[in-house]
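Atoms within each ligand, like the ligands themselves, are counted from 1 in listed order. Please read all numbers here as calculations on a predicted model, not as lab measurements.
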Amino acid sequence: MRTPLVAGNWKMNGTRASVAELMQGLAGETDGLTGVETLVCPSFVFIQQVQELIGKTSIKLGAQDLYVEAGGAFTGEISGPMLADAGCQYVLVGHSERRALMGETDEIVARKFAAAQEHGLVPVLCLGETLDERQSDATMAVISRQFLAVVETVGIEAFRNAVVAYEPVWAIGTGETASPEQAQEVHAALRALAAKRSAKIAADLRLLYGGSVKAANARELFSMPDIDGGLIGGASLQAEEFLAICQAASS
Ligand code: 13P
């Protein structure tokens, strides 16, 4: 049984005041929801604040990135041990914005995935094709390459304790969502790819969809058999909207 996960990726947004307001809207509200896990991924500078505001509620805490090394002379970077020490349980790796804007390669993403697990964090591996790649029928090739680059580095066993998020780049922040059928097609292909290595791990692996998910389209997406929740950008910055999405994933 896969418990759906709804994760908010706040990206580079927020102030201490807006974070306090958002968390006031969320804290406690998710506790009554059954059959869904809720996660928020604030900017590094807000992690401690959010950890305090989460208190004893059921919301989980994650970061948006980590560095491949555990510590040392890497100015400006944040390590897995630091995130674990700050109370994070999850960390996003390979978000398309980092791949496209920060030049993260499949190899770096695989190393980050391994570093996360080494320090007790659950990696949320993000992957997805660009519009050009979709239009040239390269979607499956791109998804397979991104996924297998990690599988070949860490082994399929590592996916026992990981999450994968399919985020088509053309659907991120554009208001254009993949249709439930389009998303399901990729999710099913990803699960089949994992199943070639281990049927059991594939069956238990949570596959999230991300890209313009909002309250209005969440239920339809989450009703697909291989979509186990969502990775939410813009809509996760509004408490009511994010809660409605969590509600849509709950049983
Ligand atoms: P949007 O929900 O704003 O499209 O962003 C999706 C995303 O990139 C989450 O990681």
Quick one: does ligand 1 sit under 4.0 Å from the side chain of Ala235, the backbone, both or neither, non-hydrogen atoms only? neither
Which option, Pro168, Gly173, Gly8, owns the non-hydrogen atom nearest atom 4 (O) of ligand 1? Gly173
shortest atom 2 (O) of ligand 1-to-protein heavy-atom contact is with Gly233 N, 2.9 Å
Answer with side chain, backbone, both or neither: which part of Ile172 has a heavy atom less than 4.0 angstrom from an atom of ligand 1? both
Residue pair Asp31 / Ser58, side-chain donor-acceptor N/O under 3.5 Å: yes
Run the contact test for Gly175 against ligand 1 with a 4.0 Å cut-off on heavy atoms, strictly below, and give the result. no
The protein heavy atom nearest to atom 5 (O) of ligand 1 is Lys11 NZ, 3.3 Å
Among protein heavy atoms, which lies nearest atom 3 (O) of ligand 1, and at what distance? Gly234 N, 2.8 Å
Below 4.0 angstrom from a heavy atom of Ala171, which ligand 1 atoms are there? Numbered from 1 as shown, please. 4 (O)
Below 4.0 angstrom from a heavy atom of Gly211, which ligand 1 atoms are there? Numbered from 1 as shown, please. 4 (O), 6 (C)
Just by distance, do the side chain of Ser250 and the backbone of Gly35 share a donor-acceptor pair under 3.5 Å? no
For atom 7 (C) of ligand 1, the closest protein heavy atom turns out to be Glu167 OE2, 3.1 Å
Hey, what's the ring geometry for Tyr166 with His187, parallel, tilted or perpendicular (30° and 60° as the breaks)? perpendicular
Quick one: CG on Leu66 to CZ on Arg111, what's the gap to the nearest 0.5 Å? 11.0 Å
Contact check: Asn9 vs ligand 1, nitrogen or oxygen atoms, below 3.5 angstrom: yes
Determine, stepwise, if the pair Asp65 / Lys112 fulfils salt bridge (Lys or Arg N to Asp or Glu O under 4.0 Å). CA-CA 8 Å; Asp65 184 36; Lys112 288 189 170 187; 2.8 Å; yes
Any donor-acceptor pair under 3.5 Å linking the side chain of Ser198 with the backbone of Ala194? no
Atoms in ligand 1 flagged as close to Leu231, the criterion being non-hydrogen separation under 4.0 Å: 9 (C), 10 (O)
If we count only N and O atoms by modelled type, under 3.5 Å, do the side chains of His95 and Glu104 hold a donor and an acceptor together? no
Decide, yes or no, whether a salt bridge links Glu129 with Arg134 under the criterion of side-chain N to carboxylate O below 4.0 Å. yes
